[in-house]
There are 2 protein chains.
Amino acid sequence: MSKLGSVPTLDDVAKMAGVSTATVSRCLNNPDRVVEATRQRVLTAVDALGYTPNFAARVMAAKRSSTIGAIIPTMENAIFARGLQAFQEELHQHGYTLLVSSSAYKPDIEDEQIRTLVARGADGLLLIGHDRDPHIYDYLEQRKIPVLVAWSFQPDAQIPSVGFDNRAAMFELANHVIGLGHRQIGMISGVSAGNDRAYLRIEGVRDAISQNDMTPSNLTIIETPYDIDNGAEAFTQLMSQETPPTAILCGNDVLAVGAVRRAQEMGLKVPEDISITGFDDIELARIASPGLTTVHVPHREMGRQAALELVEMVENKAISAGLRLDTKIVERQSLGRPAHA
Amino acid sequence: MSKLGSVPTLDDVAKMAGVSTATVSRCLNNPDRVVEATRQRVLTAVDALGYTPNFAARVMAAKRSSTIGAIIPTMENAIFARGLQAFQEELHQHGYTLLVSSSAYKPDIEDEQIRTLVARGADGLLLIGHDRDPHIYDYLEQRKIPVLVAWSFQPDAQIPSVGFDNRAAMFELANHVIGLGHRQIGMISGVSAGNDRAYLRIEGVRDAISQNDMTPSNLTIIETPYDIDNGAEAFTQLMSQETPPTAILCGNDVLAVGAVRRAQEMGLKVPEDISITGFDDIELARIASPGLTTVHVPHREMGRQAALELVEMVENKAISAGLRLDTKIVERQSLGRPAHA
DNA sequence: AGCAGATATGTAAGCGCTTGCATTTCTCAT
DNA sequence: ATGAGAAATGCAAGCGCTTACATATCTGCT
C-alpha cells in the first residue's frame, strides 16, 4: 500500500508490479508493446493502488494532450449546444477530450480563452466564425496549433471551415418570403461587427431585396444582441415605423421568439397580421407557438464533421479544405402571405 | 528573437531580460516580490517573445492549478446554464478557471469525468446532487480534493452543499395545488434513481398528499428522462387513466412544456381543462404559453454562493457547513382551479 | 545446441515551471 | 562611513510522466 493520503504515482505502480516505470507507462499507452503476463501484473497494481495518471505530467512529457479546445460565443441558449454535443461525441470516439469555454461574444474574452486553452495544451482548436483579429491567427500559427472554424463555411478564408453558407441560406429564405408577396421587410439581426454569420445573413437578405427589384427602402434592419427580450424590443421598434413591415426576418430563433411574443402581446396574430422567421432551427423553434418557420442548420452533422476534420488536422498535420453543409427552410406556422392586398 | 516557430519558454524570457528564471516566475506570480525596474524588463521580454506560461508545467511544479471542475448532468437544456454561469463568474473573480463537463445523467460517465477532472489537476469539484456511489467520495478523499454539492441542500450529508430543499419546495407547490381544489394529481418526474432532486421532489408531493388527507390513489407518478417529448408522452399516459388528473406537477420546466404542448395538441385548454406546473423557472417557463406556474430556483445566487464556498474550501481547507437558499412559487397562467365542481 | 533477429524491458534524460534556501544588494540608524 | 537586517535575486532540486536508446530475453532455424 502507498502512504496514507498520498496520491500514487507511476513509480509506486512500477515498484508494486516489480517493473520499470517505462513498462507501466507502455502498459497504459501501448498495451500491445507489453507481454500479457506483465500487463496483468501492472494492471493489478494499478487498481490496487487506485492509480490515475497525472495529466499535467503526461502532457509535459508527451507534448500532446489529446485535448481539443472549443470557444463558443455563448452557452446561454441552445444555439451551439447540439452541434457541440455531436462534436464532443465524435472527439471522444477518437480518444480526445473537449474543453469548452464561452466568450459572451466579446473578442477580447475570446482572445484570452484561446490563450488559456493553448496554455493548457490543446492539440487543436474549434472557433466559431471567421471574423477576428488576425494577430490571434499568427499566435496560433507560431505554436502550430491547428484551428478549424465552424458555423460558417468560407472556402477561401485563411482558416479551413466546416459549416454552411450563411449568406446563401438567408438569401433563400428571404427570397421565399418575398415570393409570398411581402414587400416591406424588417430584419432583426444579431450584432454584425465581428460576427460574420450575422453579417452574411444580412447580406443574404440584401441580395434577395435587390434581386427582386426592390430598394433598400423596402428593408429596415435592427441589430441587437441575441436575446429574447431584445428581439421583443426590436419588434416594437420595427412596427412603430411609418410603414411597418409585413414580414420580419430574424437573425436567429431566439430573436424570433422574442419578436413573436411581443407581437402577441401587442395583439397581433402571427402570421395573419405579421410574419416572423427565425434561423438555426433549435428546439425553441419547434416549441414556440406558432411554430417558427426557420432555416434548419444541420448542427449535429456539422459538429461531427468538424471533429473529423480537426482530428485529421491534428494527427496528420493535414490541411483541411473544409466542408460545406446544406441548410434548408423548415416551414412551420409563423410565415404566411401578407395581410392585404 | 527566439527560434522561428518554436514556443518561447521561461528560459527564453529570462535570457532576454537578463535575469534568472526564478525572477521571471516571480514576476508573473508575485509581482510585488520583484523590484519595479526588473519587472518592466521582464514584462517587456514577455511580450516581445509572445510568451505564455505552459500550464502543465506550472501545475506540476506548483501542485495546484487554480482550476475548479464542475460536472453537470446535462447541457442540453438551460437548467444548469444560468447557475453555472454565475458560478464561473464568481470563480473568475477569485482567479480560478472553470472546467465543465456533462454526464448525461449517467453515473458511470460522471465517474469517469470526475477522474478526468482530478487528473487534470482540479483544485476542487462542484457536483450536482448528493446521490452517487460512495466509493467516488473515498477516491476524492484520498486525493484531498474539496467537493461541494449544489442544486440540493442536505445539511447532514457527507458532502457540504449549497442549494435548496427540493422536498420542501415541491411540498409547498403541491400544497398550493391541492388548496386550489385539485384532488386527482398526476406527476411527471425525472428518473429518481441516483437523482436526489427528482426523488425528493416526489417525496414533497407525497408529503402534501398525506397531509391533506388524501391517499396514494389520488396520485399517479410517471418517471421519465427530462426531455420535452417525454413530457408529452407522459402526459398522454396520465390522461388515459380511468380517472385522469386535474393537475399535473412536473419535475422540471422542460417536462412541463412538453406536457402543455401535448395538452394543446389534444385540444385541452391549460389551465381551464388541465393544470400543469413546472420546476426551476428557467427562461422556457416564461416563454411558454401559457406561462408556466413553477418553482423559482435562485440559480444565479446558488452559483455564486457555491463558488464562494468552494474557493474557501480550496484555499483554507475549511469545512463548509453549506448554505440553504429559498425557492418560491412563481404564479403564471398554467395553474388554475379544477374544471367542475 | 547455438545464433540471428524479433520482442520485451530497463535506463535515464528531459518536458517547463515553482520554490526553499543561499547569496547578493539595498536601506538606514548610528 | 559602516554594519545589521530587509529586500531582491539566483541556484538548483524536483514535480510525474514519456520515449529514444541500450540491454536482456525469446523465438525459430539450422
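Each chain gets a letter, A, B and so on, in the order the sequences are listed, and its residues count up from 1. The basis for the numbers below is simple: all heavy atoms, side chains too, and nothing from hydrogens, waters or symmetry mates.
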*Knowing that exactly one of B:His130, B:Glu309, B:Arg324 qualifies, which makes a side chain to side chain donor-acceptor pair (under 3.5 Å) with B:Ser161?*
B:His130
*With axes from five pairs an end, tell me the bend angle of the helix from C:dA1-D:dT30 to C:dT30-D:dA1, nearest 10°.*
30°
*asked:* Donor-acceptor check, side chain of B:Asn54 to backbone of B:Ala57, threshold 3.5 angstrom: yes or no?
replied: yes
*Donor-acceptor pair, side chain of B:Ser102 and main chain of B:Ala104, under 3.5 angstrom*: no
*Among all residues two or more places apart in sequence or in another chain, which pass the ring-ring contact (aromatic ring centres under 6.0 Å, His included) test with A:Tyr105?*
A:Tyr226
*May I have all residue pairs that pass side chain to side chain donor-acceptor pair (under 3.5 Å) and include part of residues 113-123 of chain B, sequence neighbours excluded?*
A:Thr67-B:Arg120, B:Ser65-B:Asp123, B:Ser101-B:Gln113, B:Asp111-B:Arg115
*asked:* For a 4.5 angstrom cut-off between non-hydrogen side-chain atoms, does B:Glu110 reach B:Ile128?
replied: no
*More than 12 foreign heavy atoms under 6.0 Å from CZ of B:Arg39: is that the case here?*
yes
Donor-acceptor contacts under 3.5 Å from residues 151-160 of chain A side chains, at least two apart:
residue	atom	partner	partner atom	Å
A:Ser152	OG	A:Asp196	OD2	3.1
A:Gln154	NE2	A:Asp196	OD2	3.2

*Would you grab the first and last nucleotide of DNA chain C (5' to 3') that comes under 4.0 Å of any non-hydrogen atom in chain A?*
C:dA8 to C:dG16
Got a sec, which residues hit side chain to side chain donor-acceptor pair (under 3.5 Å) with [X], two or more places apart in sequence or on another chain?
X	answer
B:Arg300	B:Glu89
B:Asn316	B:Glu312
B:Tyr139	A:Thr52
A:Gln93	none

*Got a sec, which residues hit side chain to side chain contact (heavy atoms under 4.5 Å, CB included) with B:Arg304, two or more places apart in sequence or on another chain?*
B:Glu90, B:Glu301, B:Leu308
*Would you mind building the protein contact string for nucleotides 7-13 of chain D? One character per nucleotide, 5' to 3', B for base within reach (heavy atoms under 4.0 Å), S for sugar-phosphate only, - for untouched.*
-SBBB--
*Atom CG of A:Asn30 to atom C1' of D:dT19: distance rounded to whole Å?*
10 Å
_Counting the atoms with a prime plus P, OP1 and OP2 as sugar-phosphate, which does A:Ser25 contact under 4.0 Å by heavy atoms, base, sugar-phosphate, or nothing?_
base
_Residues touching DNA chain D, which here means a heavy atom under 4.0 Å, drawn from residues 52-62 of chain B_ = B:Met60, B:Ala61
